[in-house]
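In what follows, a structure is listed as structure tokens, so that the remarks can point back to it.
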Protein chains: 2
Amino acid sequence: MSTIKDVAQEAGVSVATVSRVINQNGYVNEDTRKKVENAIIKLNYQPNSIARSLYKKESKTIGIIVPDITNPFFPELVRGVEDYLIRNGFTTILCNSDEDADKERLYLEVMKQKYVDGLIIVSNTINEQLVQQFDRPIVALDRSIHKNIPTFAIDNREGGRRATQHLLDIGCQKVAHIKGPDQIENSEARYKGYLDVINNNELVVSGHYDLKKTAQATIELLQHHPEIDGVFAGNDIMALGVAKAADYLNIKVPNELAIIGFDGINLSEMTSPELSTISQPIYEMSTEAARALISLIEGKVIEKIDYEFPFTLIQRQSTKR
Amino acid sequence: MSTIKDVAQEAGVSVATVSRVINQNGYVNEDTRKKVENAIIKLNYQPNSIARSLYKKESKTIGIIVPDITNPFFPELVRGVEDYLIRNGFTTILCNSDEDADKERLYLEVMKQKYVDGLIIVSNTINEQLVQQFDRPIVALDRSIHKNIPTFAIDNREGGRRATQHLLDIGCQKVAHIKGPDQIENSEARYKGYLDVINNNELVVSGHYDLKKTAQATIELLQHHPEIDGVFAGNDIMALGVAKAADYLNIKVPNELAIIGFDGINLSEMTSPELSTISQPIYEMSTEAARALISLIEGKVIEKIDYEFPFTLIQRQSTKR
DNA sequence: GTGAAAGCGCTAACAT
DNA sequence: ATGTTAGCGCTTTCAC
């Protein structure tokens, strides 16, 4: 690959001039500009962004850390981020942390060495201290990780309330909640939302954000409590698990059992029956997070630390009766 | 952040020595090594990999180009790649091409400028010439892109045969095929596999790898051809579309209509009914592709150009009768 | 065994 | 308006 030096030589000018035309700054005569541009084309020159990064101490690269891209919620998030970033000249490094603090530490270290300009993190296990030490901008997506770090999420508790209320509204008498993992901020919040509405009539079991475990737990739950006629699942995948349990027990959805999920991933409308859900503006949340991160990278101050997005209740077959 | 110079100063040695310690090459006295290591710890020094890349002309970064991470097949692929790479000291840049040749060209250009050490590509739209010009190793995943580029995939035609034969084996009399997009190598191959088995009794409709379109097309198909009792869908998502169509028309799966998909994405066992499918070893394919890419980057020669992986037929509820 | 110094490709003073 | 040059942080010859 040819370098700026080659171009300079070819055009009969100095490297500084070439640099000027590339970066469109400083004065350069129309004629010399032409000469340089021709040389660039002739040599098929492309600036070496590593060299540029070394000097400018910026890499036009950001890292995104998610628990596991294989979990259907995250591709939609990552896609929003990547879309926004590439349009703005940034490139996206993908990291799967498996919610493992060691892996997160490793990624943080690597990202630092590679001079990423900023980080977008989805995590609840991440070491706050490490995050604090990271001397470049960070934003948190979907879940907060530190009170000083801008966070882009919905009000999960309110979402939990809304989901539960919906089940009541359609006439459910006994609404159970299949809760996501303990200690995950979001699943706790959704759970609280459920409690807010259900008072003293609660019936909760844990499903760990996992389809099979949820199906298993739900089967037992429904066997012990045949009076349950509505389930609010901690997320859409879990709601699918509940639907499977119902199918297994030959319980009709939605008439004998209404089900509502949470997140609004694409998957929720692919299944039969289609799932009612609390739909997050996933794409918008992620592009906004990316936009804010870039602002921070550019040294701008951003308006707030807490970006709360509106969610919507989507009623589909699983609660339509 | 402290530099190698700071460490050298702190340890009272030259930068060359520090470099030797970091890279564990060249001779260095046990005592000086200790001094240097202490200085590194004291200053919390981390080598700047940008500077290293500039000199070594390698970035320990690779790019992966997929059509759309939001399509459930790709996260599993990307995860396999990322897992293998991070374990081997590489970092992964994610690119969503949307099967758009212009976007692909853009990504190729950016990757080149960023000195990525290699590329993993899933595409059928990519410009072969551009790929040829890319002067670093490339491997193709899931679909071939050029005869000189190592390809990691299964035998899709044979898979198509197997799927179709399976429907016949369980007693289907009239098997239709919902075909993936034209001009996509894989969907054509699967289609051919179907034809191989079905001779002259074919019934094919195009579904574009899209759930809703597939559901719509299937509804029409089934209305015109109520004799159809088995469907081989071009992939798992399309199979879901077929299942929805059946649900809509109140046709019982699998007894009145058996359905088989293709790919074996996680999703295929999340639904009710669970989908039979031709399961690709997605994770293994992708880690092998990553492994081969690294070999190429290291200048090794790899054994072959065509890596064909075995698939397996997974029979689940949708064809169990 | 260790250090001095050149150079990777680029940008940005500073000259002219 | 253009050129010269130092320097970004690192690795690696080449001396000693």
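Bear in mind the structure is a predicted one, so any value in this text is a computation, not a measurement. Throughout, a chain's letter reflects where its sequence line sits, starting with A, and its residues are numbered from 1.
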Nearest-angstrom distance from the residue atom [atom1] of [X] to [atom2] of [N]:
X: A:Tyr27; N: D:dG3; atom1: OH; atom2: P; value: 17 Å
X: B:Leu43; N: D:dG9; atom1: CG; atom2: C1'; value: 15 Å
X: B:Ile4; N: D:dG7; atom1: CD1; atom2: C1'; value: 16 Å
X: A:Lys5; N: D:dG3; atom1: NZ; atom2: P; value: 15 Å
X: B:Asn48; N: D:dC8; atom1: CG; atom2: P; value: 12 Å
X: B:Ile50; N: D:dC10; atom1: CD1; atom2: P; value: 11 Å
X: A:Lys114; N: D:dC10; atom1: NZ; atom2: P; value: 15 Å
X: B:Arg52; N: D:dT12; atom1: CZ; atom2: C1'; value: 13 Å

Just the endpoints, please: which first and last nucleotides of DNA chain C, 5' to 3', lie under 4.0 Å from a heavy atom of chain B?
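Taking any atom under 4.0 Å from a heavy atom of chain B, the span is C:dG1 to C:dG9.
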Identify, between A:Ile22 and B:Val15, the residue whose nearest nucleotide on DNA chain C lies closer to the 5' end.
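Its nucleotide being nearer the 5' end, the pick is B:Val15.
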Looking for any heavy atom pair under 4.0 Å, which part of the strands does [X] touch: base, sugar-phosphate only, or nothing?
X: B:Ser53; answer: nothing
X: A:Thr17; answer: sugar-phosphate
X: B:Tyr45; answer: sugar-phosphate
X: B:Ser49; answer: nothing

How many angstroms lie between atom CD1 of A:Ile62 and atom CG of A:Leu85, to the nearest 0.5 angstrom?
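Rounded to the nearest 0.5 Å, the CD1-CG separation comes out at 5.0 Å.
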With rounding to the nearest 0.5 Å, note down the distance linking CD1 in A:Ile120 to OG1 in A:Thr92.
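Rounded to the nearest 0.5 Å, the CD1-OG1 separation comes to 7.5 Å.
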Which nucleotide in D:dG7, D:dG9, D:dT5 has an atom nearest any side-chain atom of A:Tyr55:
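Of D:dG7, D:dG9, D:dT5, D:dG7 is nearest to the side chain of A:Tyr55.
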Could you check which of D:dT12, D:dA1, D:dG3 has an atom nearest any side-chain atom of A:Ala16?
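The nucleotide sitting nearest to the side chain is D:dG3.
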Consider only side-chain N and O atoms of B:Tyr107 and B:Asn96, and report whether a donor and an acceptor are under 3.5 Å apart.
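On atom types as modelled, these side chains do not qualify, holding no pair under 3.5 Å.
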Do B:Thr61 and A:Lys114 have a side chain donor and acceptor closer than 3.5 Å?
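Distance-only check passes for B:Thr61 and A:Lys114.
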Salt bridge A:Arg79-B:Asp68, side-chain N to carboxylate O under 4.0 Å
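Salt bridge between A:Arg79 and B:Asp68, a charged N being under 4.0 Å from a carboxylate O: yes.
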Are B:Glu30 and B:Arg33 close enough for a salt bridge, meaning some N to O gap below 4.0 Å?
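Counted as a salt bridge, because a side-chain N and a carboxylate O are separated by less than 4.0 Å.
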Report yes if a side-chain nitrogen or oxygen of B:Thr3 is closer than 4.0 Å to either non-bridging phosphate oxygen (OP1 or OP2) of D:dG9; otherwise report no.
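Checking B:Thr3 against D:dG9: no side-chain N or O falls below 4.0 Å of OP1 or OP2.
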Give a yes/no answer on whether the side chain of A:Ser14 brings an N or O atom under 4.0 Å of OP1 or OP2 in D:dT4.
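Negative; the distance criterion is not met.
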Would you say CD of A:Gln9 has more than 12 non-hydrogen atoms from neighbouring residues, nucleotides or ligands within 6.0 angstrom?
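Result for CD/A:Gln9: open.
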Could you label the plane-to-plane angle of the B:Phe152 and B:Tyr307 rings as parallel, tilted or perpendicular, counting under 30° as parallel and over 60° as perpendicular?
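The rings of B:Phe152 and B:Tyr307 lie parallel, inter-plane angle below 30°.
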Qualifying side chain to side chain donor-acceptor pair (under 3.5 Å) pairs with a residue from residues 118-140 of chain B, counting only residues at least two apart or across chains:
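Every side chain to side chain donor-acceptor pair (under 3.5 Å) pair that includes a residue of residues 118-140 of chain B, provided the two are not neighbours, is B:Glu99-B:Asn124, B:Glu99-B:Thr125, B:Glu104-B:Ser123, B:Glu104-B:Thr125, B:Ser123-B:Thr125, B:Asn124-B:Arg143, B:Glu128-B:His146.
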Salt bridge (charged side-chain N to carboxylate O under 4.0 Å, His left out) between A:Lys112 and A:Glu109: does it pass, once the steps are laid out?
CA-CA 5 Å; A:Lys112 205 166 173 179; A:Glu109 199 170 295; over 6 Å; no
Helical bend (five base pairs per end, nearest 10°) for the helix from C:dG1-D:dC16 to C:dT16-D:dA1
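For the helix from C:dG1-D:dC16 to C:dT16-D:dA1, the axes at either end differ by 50°.
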